Amino acid sequence: MTYVLKIGGGAGVDQHAVTRNLAERIQAGERWVLIHGTSAAADELAARMGVAVRTITSPGGHVSRYTDAQMIGIYGMAAASVNQQLCSELSGYGVRVAGLTGPTVITAQRKQAIRAIQNGRPVVIRDDFSGRITGIDRDLLETLLDAGYTPIIAPLAIGEAGESLNVDGDLIAATAAHALNADLLMILSNVPGLLRDVNDPTSVIEHFALHEIERYENFAAGRMKKKLLAAREANIEQVILADSRLANPIDAALAGAGTHIWREGQHVGHHA
Amino acid sequence: MTYVLKIGGGAGVDQHAVTRNLAERIQAGERWVLIHGTSAAADELAARMGVAVRTITSPGGHVSRYTDAQMIGIYGMAAASVNQQLCSELSGYGVRVAGLTGPTVITAQRKQAIRAIQNGRPVVIRDDFSGRITGIDRDLLETLLDAGYTPIIAPLAIGEAGESLNVDGDLIAATAAHALNADLLMILSNVPGLLRDVNDPTSVIEHFALHEIERYENFAAGRMKKKLLAAREANIEQVILADSRLANPIDAALAGAGTHIWREGQHVGHHA
Amino acid sequence: MSNNNVECLECGADVRVPGNVMQGEILKCGDCGIELEVTELNPLTIDLAPMEMEDWGE
Amino acid sequence: MSNNNVECLECGADVRVPGNVMQGEILKCGDCGIELEVTELNPLTIDLAPMEMEDWGE
C-alpha cells in the first residue's frame with residue numbers, strides 16, 4: 001500500500017503536527033511519499049533579498065505568483081530549504097528520508113504565452129517560469145520506497161530547455177499518486193475540507209464519489225479548485241482533503257475528518 | 001566498479017567541462033557518485049541578501065568561512081541551487097540523476113567550542129555550524145547506484161540535534177568513497193595537482209604510494225592539505241587530484257594528468 | 001503611424017496605442033477584431049497575438 | 001573587581017580584561033596560566049575555557 005501526502009506551503013499550515021503524525025505512521029510500517037509547498041518560504045526569501053513578489057491576475061480574476069527569471073531562482077532555493085527542514089524533522093523521529101529538491105524529478109512544459117491582466121489591461125506574459133506537469137520519475141520514487149525510504153518532493157520541475165519551473169504542489173501530488181497507483185492521496189492545508197459555505201468552516205462536505213465531482217466543483221473557490229482538479233487527475237481509490245491544524249491531522253483525516261472522494265463511491269470507512 | 005568525483009565550489013572551477021565529460025562516461029556505462037562544493041554560490045547569495053561573509057582565522061593562520069546560525073541557512077540554500085543546476089545539466093545529457101541536498105544524507109558532529117583568532121586575539125567560537133563528518137547514508141547511495149541513478153550530493157550534513165551543518169566537500173567525497181569501497185576518488189579543482197613548488201604549475205608531483213603520503217604533506221598548502229587528508233581517509237585503491245579546467249578533465253586525469261595516489265603503489269596505468 | 005497608433009497587421013486599420021502601453025500588452029483592432037501583441041516597447045513593435053494562450057494560473 | 005579586571009577562577013589572582021573585550025575571548029591568568037573564557041559581555045561573565053578545543057578549520 002502506498003500513500004501520498006501533500007502539505008501546503010502556506011503560512012497557516014502546521015508542519016510540526018503533520019511531520020510528527022506522519023513519522024508515527026511510517027514507523028508503524030506505512031509507505032508514504034511526501035510533497036510539500038513553498039509559497040510562504042519563497043515570499044520570505046524574496047523579502048530578505050529585497051526582491052518584490054509580483055502577482056498577476058488571470059482574466060478570470062485568479063491571482064498568483066509571477067515567477068520571472070529572478071523569482072524562479074529564489075523559489076528553487078526556498079523550496080530546497082523547506083525540503084531540508086522536513087528531512088531533518090522526520091529524520092529526527094527516526095524516519096529514513098530521501099529529500100528530492102529536483103528539478104529533475106518532475107518534468108513540465110513551460111507556459112510560453114499566458115494571457116493575464118496587468119493594471120486592468122490584457123497582456124501576454126512570456127517570461128513566466130511556471131509549467132504544466134508532464135511527468136514524474138516514478139522509477140526513482142519506487143526504488144526509494146522499496147528500499148524503505150520516504151521520498152520528500154519539492155515543487156520544482158525541469159522544462160524542455162532544462163530550465164527550472166514552478167509547478168503546482170497539489171498537481172505534483174496527483175501525478176505522483178497516479179503514477180504510483182497509490183491507495184490514497186491526502187492533501188492537508190489550512191482549510192477543513194470542501195465547504196458548502198466557504199464562510200462556514202463547519203459546512204464540510206463529508207464525501208462524494210469521484211464521478212460526481214463536477215457537481216461539487218462550483219462549491220470550490222481559489223486554491224480549493226486546484227485540489228479538486230488534483231483529485232480528478234489522480235484518479236485513484238481515495239482522495240482526502242483535510243485540515244493540517246489538528247493534533248494528529250493524518251489520523252483524524254483517515255478516521256473521517258475532511259472531504260473524502262471515493263472512486264467507487266464506497267462509504268467513508270475507518271481507514272487506519 | 002564505482003567512482004567518486006568531487007568538484008570544487010570555488011569560482012575557478014569549470015563546471016560545464018566536467019559535467020559534459022562526466023555525462024559521456026556515465027552514458028558509456030560507468031557508475032559515478034558526484035559531490036560538489038558551494039563556496040562561490042554561498043558568497044554570492046549572502047551578498048544578494050546583504051549578509052556579510054565573516055571569516056575567522058585559526059591559531060595556525062588558516063582562514064575559513066564562519067558559518068553562524070544565519071549563514072548556515074544561506075549555505076544550505078546555495079548548496080541546493082548548485083545541486084539543482086548540476087542535476088539539470090547532467091539530465092540534459094540524458095543522465096538519470098538523484099539530487100541529494102540533505103542534510104540527512106551525511107551525519108556530522110557540530111564543533112561545540114573552537115579556538116580561533118579574532119582581531120588578533122584568541123577566542124572560543126561556540127556558534128559555528130560546521131561539523132566533523134561521522135557517517136554517510138551508504139544504503140541510499142547503493143540503492144540509487146544499483147537502480148542506475150547518479151547520486152549528486154550537496155555538502156550539507158545533519159548534526160546530533162538535527163541542525164544543518166557545513167561540512168567539507170573533499171572529506172564527504174572521502175567518506176563516500178570509503179563507505180562504497182570505490183575503485184577511484186577523483187578530486188577536480190582549480191589546481192593541476194599537488195605541486196612541488198606551489199608557484200610553478202608545471203611542478204605536479206605525478207604519483208606516489210598512499211603509505212608515503214606523510215612525506216608529501218609538507219608540499220601541500222591551504223586547500224590542498226584537505227585533499228591529502230581526504231586521500232588518507234578514503235583509503236581506497238586510487239585517488240587522483242587533478243585540474244577541472246581542461247577540455248575533458250576526467251579523461252585527462254584518468255590518462256595520467258594530476259597527482260595519482262595508489263594504495264598498492266602500482267605505476268600509473270592508463271585507466272579509461 | 002501617429003505616435004499613439006499602429007497599423008493593424010490583419011486589415012491595415014489604425015489601432016490606438018495607450019500612452020502608458022505595457023510590454024506584452026494586447027491591443028484589439030476595432031475594425032477586424034484581431035488581437036495584436038506589443039512585443040517590444042522601444043521601438044514600438046507589434047505582432048499578431050498567439051491564437052491559443054493559457055489563462056494565467058489556470 | 002575593577003571594571004577592567006576579573007578574578008581568576010582557579011587561583012583568585014586579578015586578570016586584566018581588555019577595554020574592547022570580545023564575546024568568547026580567552027583571557028590567560030598571569031599567575032596560574034589557566035585559560036578563562038568570556039562567556040557573556042553584559043554582565044561580564046567568565047568561565048574556565050574548555051580543555052580540548054579544536055582549532056578553527058582543522
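No hydrogens, no waters, no symmetry mates; every other heavy atom, side chains included, goes into these values. Small disclaimer: the values here were computed from a predicted structure and weren't measured. Chain A is the first sequence line, chain B the second, and so forth, proteins listed ahead of strands; every chain is numbered from 1.
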A.B. asks: Should we say atom CZ of Arg232(B) is surrounded by more than 12 heavy atoms from elsewhere, each under 6.0 Å from it?
C.D. replies: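 Enclosed.
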A.B. asks: Between the side chains of Arg115(B) and Glu37(D), is the shortest nitrogen-to-carboxylate-oxygen separation below 4.0 Å, so that they form an ion pair?
C.D. replies: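 No salt bridge links Glu37(D) with Arg115(B).
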A.B. asks: At a 4.5 Å cut-off on heavy atoms, which part of Arg126(B) comes close to chain D: side chain, backbone, both, or neither?
C.D. replies: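 For Arg126(B), the side chain is the part near chain D, not the backbone.
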A.B. asks: For the CD atom on Glu214(B), are there more than 12 heavy atoms of other groups (residues, nucleotides or ligands in this structure) within a distance under 6.0 Å?
C.D. replies: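 12 or below, so no.
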A.B. asks: Provide the closest heavy-atom pair for Met22(D) versus Gln118(B) in the form atom of the first, atom of the second, distance.
C.D. replies: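 Met22(D) and Gln118(B) have their closest heavy atoms at CE-O, 3.1 Å.
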A.B. asks: Looking at Asp47(D), Ile26(D), Thr39(D), Val38(D), which one forms a side-chain contact (heavy atoms from CB on, under 4.5 Å) with Val124(B)?
C.D. replies: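 Single pass found, and it is Ile26(D).
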A.B. asks: Could you give the distance from CZ (Arg121(B)) to CG (Leu27(D)), rounded to the nearest 0.5 Å?
C.D. replies: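 Here the interatomic distance stands at 8.5 Å.
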A.B. asks: Name the region of Glu35(D), side chain, backbone, both or neither, that has any atom closer than 4.5 Å to a heavy atom of chain B.
C.D. replies: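 It is the side chain, since no backbone atom gets that close.
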